[in-house]
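Only this structure's heavy atoms are used, side chains among them; waters, hydrogens and symmetry mates stay out.
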Amino acid sequence: VQVVESGGGSVQAGESLRLSCAASGYYYSRECMGWFRQGPGKEREGVAAIGSDGSTRYADSVKGRFTISKDSTTNTLYLQMNKLKPEDTATYYCAVDYFPPNRDFCGWDIFTPIGYWGQGTQVTVSS
């Protein structure tokens, strides 16, 4: 199984970045794919998630600025990040896990250590 993030970098506040996550080598009949981040001295937090049914979820702190999307033909996950703020500085991780049929959307709790996680890509936003 491979989960590989790319697209991180250093930008100024107000600028944009697009993260990519290429995932392969696994199979779930239904899946959630998501982005998490961990800033300096902070706990890891959910940023955005998308289910195989197209449902999405965003953290309140990124609503209206970030957009999650997925190319199902290549199983590549994207995170378009606009109007970046210094508080968005973090290591961003891509994750994949099973999407239970009794759930309406991909909650943060769906993503567990049993799923698949990437190594992370650093995003640094300076003021």
Side-chain angles (χ1 to χ4, degrees):
V1 176
Q2 285 194 317
V3 179
V4 181
E5 305 97 336
S6 61
S10 296
V11 297
Q12 297 287 320
E15 295 184 340
S16 300
L17 279 175
R18 188 175 82 152
L19 305 183
S20 300
C21 171
S24 63
Y26 69 92
Y27 173 76
Y28 289 125
S29 57
R30 284 163 50 93
E31 68 178 17
C32 288
M33 297 186 78
W35 291 98
F36 289 73
R37 68 186 182 186
Q38 187 166 15
K42 298 181 181 179
E43 294 189 354
R44 188 171 61 190
E45 62 177 355
V47 176
I50 186 167
S52 48
D53 62 354
S55 60
T56 58
R57 182 188 181 183
Y58 294 92
D60 289 342
S61 58
V62 306
K63 283 180 181 176
R65 300 189 298 122
F66 291 11
T67 302
I68 190 170
S69 62
K70 177 184 173 183
D71 182 342
S72 296
T73 61
T74 61
N75 210 39
T76 301
L77 185 70
Y78 299 99
L79 185 68
Q80 178 65 44
M81 305 186 295
N82 298 329
K83 299 179 181 179
L84 282 160
K85 303 176 180 180
E87 51 263 45
D88 294 319
T89 294
T91 301
Y92 284 71
Y93 298 92
C94 175
V96 186
D97 216 316
Y98 177 61
F99 187 8
N102 63 335
R103 298 291 295 267
D104 294 329
F105 61 89
C106 296
W108 310 134
D109 63 301
I110 284 180
F111 298 91
T112 70
I114 298 176
Y116 303 111
W117 293 76
Q119 294 300 306
T121 185
Q122 179 66 35
V123 172
T124 302
V125 185
S126 55
S127 57

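- Using a 4.5 Å cut-off on side-chain heavy atoms (C-beta onward), Trp117 and Cys94 make no contact.
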Inset, instruction - Output, in order, the C-alpha distance, side-chain angles, deciding distance and verdict of side chain to side chain contact (heavy atoms under 4.5 Å, CB included) for Arg103 and Ile110. - result: CA-CA 9 Å; Arg103 298 291 295 267; Ile110 284 180; 3.7 Å; yes
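- Judged by distance alone, the side chain of Asn75 and the main-chain N or O of Ala23 form a donor-acceptor pair under 3.5 Å.
- Here CZ of Phe99 is found 5.0 Å from SG of Cys32. Values are rounded to the nearest 0.5 Å.
- Rounding to the nearest 0.5 Å gives a distance of 11.0 Å between CZ of Arg18 and CE of Met81.
- Between Ser29 and Tyr27 there is a side-chain heavy-atom pair separated by less than 4.5 Å.
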Inset, instruction - Please assess Asp97 against Thr112 for the test side chain to side chain donor-acceptor pair (under 3.5 Å), listing each intermediate value before the final yes or no. - result: CA-CA 7 Å; Asp97 216 316; Thr112 70; 3.1 Å; yes
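- Between Ser52 and Glu31, some side-chain heavy-atom pair lies under the 4.5 Å cut-off.
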Legend entry - Residue pair Thr67, Tyr58: steps toward the side chain to side chain contact (heavy atoms under 4.5 Å, CB included) verdict: CA-CA 8 Å; Thr67 302; Tyr58 294 92; 3.8 Å; yes
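- Residues Val47 and Val11 share a single hydrophobic cluster, defined by chaining ILVMFWY side chains whose heavy atoms lie under 4.5 Å apart.
- Inter-residue side-chain proximity for Pro101 and Arg30 is flagged as met; some heavy-atom pair is nearer than 4.5 Å.
- Looking only at side-chain heavy atoms (C-beta outward), Val125 and Glu87 stay at 4.5 Å or farther from each other.
- The structure places CE of Met33 at 8.0 Å from CD1 of Ile68, a figure rounded to the nearest 0.5 Å.
- Nearest heavy atom pair, residue Ser16 against residue Lys83, reads OG-N, 4.3 Å.
- Residues Val123 and Leu19 are in side-chain contact: their nearest non-hydrogen atoms beyond the backbone lie under 4.5 Å apart.
- Taken from SG in Cys106 to CZ in Phe111, the straight-line distance is 5.0 Å, to the nearest 0.5 Å.
- For Gln2, the CD atom is loosely surrounded, since the number of other residues' heavy atoms within 6.0 Å does not exceed 12.
- Under the 4.5 Å side-chain heavy-atom criterion for Ile, Leu, Val, Met, Phe, Trp and Tyr, Tyr92 and Val96 are members of the same hydrophobic cluster.
- Closest approach of Ser20 to Trp35, counting heavy atoms only: O-CH2, 3.5 Å.
- Of the candidates Glu5, Arg37, Gln119, Gln122, Thr91 forms a side chain to side chain donor-acceptor pair (under 3.5 Å) with just one, namely Gln122.
- Remark: Lys63 engages Asp60 in a salt bridge, criterion side-chain N to carboxylate O under 4.0 Å.
- Separating the CG atom in Leu77 from the CD1 atom in Ile50 is a distance of 7.0 Å, to the nearest 0.5 Å.
- The aromatic rings of Tyr116 and Tyr28 sit tilted relative to each other, their planes meeting at an angle between 30° and 60°.
- Using a 4.5 Å heavy-atom cutoff, the side chains of Ser6 and Thr121 are not in contact.
- Side-chain contact between Phe66 and Leu17: absent, with no pair of heavy atoms (C-beta onward) separated by less than 4.5 Å.
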